[in-house]
Amino acid sequence: MNPTELANQATAAAHRALELAEQARRMAEAAAPVAAAAEPFLYLLTIFLLACFVGYHVVWNVTPALHSPLMGVTNAISSVIVVGAILAAGTADGVAARIFGFLAVTLAAVNIFGGFMVTRRMLAMFKKKGS
Amino acid sequence: MGHTLSTLAYLVASVLFILALRGLSHPETSRQGNLFGMIGMGIAIVATLFTKGMGFGGIVLIIAGLGIGGTVGTIVAQRIQMTALPQLVAAFHSLVGMAAVFVAAAAFYAPESFGIGTRGHIKAASLVEMSLGLAIGAITFSGSVIAFAKLAGKMSGAPITFNGQHWLNLGLGLLLLLLVIIFVATGSGVLFWLIAILSFALGFLLIIPIGGADMPVVVSMLNSYSGWAAAGIGFTIGNLLLIVTGALVGASGAILSYIMCKGMNRSIINVLLGGFGSEGGTAAAGADAGDRPPVKAGSPEDAAYMMKNAQKIIVVPGYGMAVAQAQQVLREMADLLKKEGAEIKYAIHPVAGRMPGHMNVLLAEANVPYDEVFELEEINPEFADADVAFVIGANDVTNPAAKTDKSSAIYGMPILDVERAKTVFFIKRGMSSGYAGVENELFYRPNTMMLFGDAKKVTQEIVQALQR
C-alpha cells in the first residue's frame with residue numbers, strides 16, 4: 001500500500017466518523033427535550049426514595065434515650081433549605097425574590113445555629129456513671 | 001464554583017448529615033455526630049455562596065441574614081431551660097415551615113434563577129413540586145405555632161373541638177387540592193397566595209383539637225413535615241442535598257411518631273383526629289367508688305425510712321416531675337440512698353414527658369448517669385425484685401387497668417409494671433385521674449402508699465429526713 005492510498009483511506013474514515021458524529025448529535029438533540037422532561041425527575045425521585053430508606057435504617061438505630069437530641073439535629077439539618085434561600089437572595093432577578101430569599105436565610109439561620117447549639121447542650125449532659 | 005464541584009460538595013454534606021444521625025446510636029458517639037452535622041451545613045452554605053452569578057450585594061444580604069438569624073438562634077439555644085425544650089423545638093419547626101414558604105415564593109417570582117422556566121411560564125412539573133413545598137411548609141408553620149402555644153401554656157392544652165370539625169378539614173383539604181390544580185394550569189400569583197393562606201388555616205385547624213399530652217406525637221409529626229417541606233423545595237429547585245436531607249428528616253419524624261403512637265397503643269389517625277383527654281377528670285368517680293378500700297397516705301418521713309432499708313429502688317419519672325422541676329432534688333435523694341447501699345434505676349416510658357426522650361434529657365441535666373436510665377422493655381422484668389417503685393409525676397403509664405380492663409380508654413397501652421414492686425410510692429398532688437381520664441386502681445392497692453403534695457416539695461422533705 002502506498003502512502004497516498006493510505007492517506008486517502010484515512011481521510012475517508014475521518015469523513016465517515018464526522019458523519020456519524022453529526023448523526024449522533026442530531027439524534028441526541030431530538031431526544032433531549034424528552035429526556036429533559038422525564039429523566040431529571042426520575043433521577044431525583046430515585047435519590048429521594050433511597051434517602052428515605054437510609055433515613056429509616058439509621059433512625060431505627062438511634063437509642064431512645066437520645067430521641068430529644070435526634071429532634072434537635074433533624075431540626076437543624078432540615079434548615080438546609082437555606083441553600084435555596086441563599087440562591088434566591090444572591091442570584092435572583094427582582095426585588096421580591098431577593099427579599100423572600102433574605103427572609104428565608106434569616107429564619108433558616110435561627111434554626112441552624114439554634115438547633116445545633118441546643119443539641120450540643122443536650123448531648124454534653126449525657127454522662128456515664130462515675131465520670 | 002462549577003456545577004460538578006458544587007454537586008460534589010452537596011454529596012459530602014449529605015453523607016455528613018447521615019453520619020450525624022448515625023452518631024446518635026450511642027451517647028459516646030453522639031457529640032461527634034453533631035459536629036459532623038455542623039461541618040456538613042458549613043460545606044453546604046459555602047458551596048452555595050460560590051454559585052455562578054452571586055453578586056457582591058447578594059453576598060452582603062446573605063451574610064446579614066445569617067448573622068441576624070445566627071445570633072438570635074445562638075442566644076435562644078443558650079438561654080432555654082431544658083424543661084422548655086418541647087416548645088423550643090416546636091418553634092424551630094415553625095421557622096423551617098416559613099422558610100420553605102419564602103423559598104417557594106422566591107422560586108415563583110424568579111424562576112430563571114432556579115432554571116425552572118421564566119416568570120409566568122414555569123414548567124408544570126415545577127409548579128406541582130412548588131405547590132407541594134409551599135403547602136407542606138405553610139401547614140408546618142401554623143401547626144407548629146399552635147403546638148408551641150399549647151406546650152408553652154400560651155393557650156389551653158385542652159382539645160378544641162366543634163361539630164363538623166373533621167368535615168370542615170376534609171372540605172378544606174379538597175379545596176386545597178383544587179387550588180393546586182388551577183395553580184398548575186394557570187401559574188397565577190393570586191392562586192399561589194391562596195394556597196399559602198388555605199394551608200396556614202389548615203395547619204391551624206389540624207392541631208387545635210389535639211390535647212396537650214398528645215403533643216409528643218404532634219411534635220414528631222411536625223418534625224417529619226418540616227423534612228417533607230424541605231424535600232418538596234428540593235424537587236422544585238432540583239437540588240440533591242435538599243431532597244436527601246428532607247427525606248432523612250421526614251423519615252426520622254415519621255418513625256418517632258410511630259414509636260410515640262405505639263407507646264400509647266393508639267393509631268396515628270386516632271391521635272390526629274384529636275379530642276382525646278377532653279373529659280379531664282370527670283371519669284374519676286366510677287360507679288364502684290363506694291366499695292373501694294381506703295387509700296393509704298404516708299408522710300415523707302415514712303417513705304425515707306422505708307427506702308433507707310431498701311436494696312433496690314426503681315424511680316418512675318413523668319411529666320409532673322418536669323412541671324415541678326424536681327429532677328435535681330430527685331438526684332440528691334438518689335445519691336443519699338446510694339450511700340445507704342441501695343441500687344437505683346430509672347424507668348422511662350416512651351411517652352413520658354412532652355417530646356420523645358424528654359425525661360432522659362432532664363435526668364441527664366440533673367447529672368443522672370445515662371447507664372442508670374432504662375427503657376420500658378429493659379426495666380419491666382426488674383420490678384418484681386425491686387423493694388420500692390418511686391413514681392414521681394407519672395400516672396397513666398403505671399395503670400394496670402391497661403393490661404386487664406378491656407373497657408378502659410388506655411387498654412392495650414404498654415405500661416411500667418410498678419405494681420410488682422414490694423412497695424409503691426406515688427407522689428401526687430391529689431386523687432385526680434391522669435390525662436386519659438382513667439382512674440388508677442394502683443392507688444387503692446395495699447402495697448401502695450400515696451405521698452400527697454408537690455413533687456419537688458415532697459422529695460425535698462424525703463431528702464431532709466434521709467439526712468437526719
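Note that the structure is predicted; figures quoted are calculated from it, not measured. Below, chains carry the letters A, B, ... as their sequence lines are ordered, and counting in each starts from 1.
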Who wins among [options] for the most heavy-atom pairs under 4.5 Å with chain B?
options: Ala104(A), Ser68(A), Ala97(A); answer: Ser68(A)
options: Ile99(A), Asp93(A), Leu50(A); answer: Asp93(A)
options: Leu49(A), Val73(A), Leu107(A); answer: Leu107(A)
options: Ala76(A), Gly55(A), Pro64(A); answer: Pro64(A)
options: Thr63(A), Leu103(A), Val118(A), Val58(A); answer: Thr63(A)

For [X], which atoms come within 4.5 Å of any heavy atom of chain A: side chain, backbone, both, or neither?
X: Ile237(B); answer: side chain
X: His26(B); answer: backbone
X: Ile62(B); answer: both
X: Tyr258(B); answer: side chain
X: Val60(B); answer: neither
X: Met38(B); answer: both

ring-ring contact (aromatic ring centres under 6.0 Å, His included) contacts in which one or both residues fall within residues 55-75 of chain B, not counting sequence neighbours
none
Engaged part of [X] at the chain B interface, taking heavy atoms whose separation is under 4.5 Å:
X: Leu45(A); value: both
X: Val83(A); value: both
X: Ile77(A); value: both
X: Val82(A); value: side chain

May I ask you to decide if Ala88(A)'s main-chain N or O and Thr91(A)'s side chain share a donor-acceptor pair within less than 3.5 Å?
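Judged by distance alone, no pair lies under 3.5 Å.
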Charged N to carboxylate O under 4.0 angstrom, Glu365(B) versus Arg121(A)?
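The answer is no: the pair does not qualify as a salt bridge.
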Between Lys128(A) and Pro369(B), is there a side-chain heavy-atom distance shorter than 4.5 Å?
no
Is it true that Asn111(A) and Asn75(A) share a donor-acceptor pair across their side chains at a distance under 3.5 Å?
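Per modelled atom types, Asn75(A) and Asn111(A) side chains form a pair under 3.5 Å.
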State, without any angle test, whether Ser25(B) and Asn61(A) hold a side-chain donor-acceptor pair at a distance under 3.5 Å.
no
Check the orientation of Phe126(A) and Tyr370(B). Use parallel for under 30°, tilted for 30 to 60°, and perpendicular for over 60°.
tilted
Listed by chain and number, what are the side-chain hydrogen bond (donor to acceptor under 3.5 Å, both in side chains) partners of Thr48(B), not counting sequence neighbours?
Tyr10(B)
When you look at CZ of Arg22(B), are more than 12 heavy atoms from neighbouring residues, nucleotides or ligands closer to it than 6.0 Å?
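No, not enclosed.
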Phe102(A)-Phe102(B) aromatic ring centre distance below 6.0 Å
no
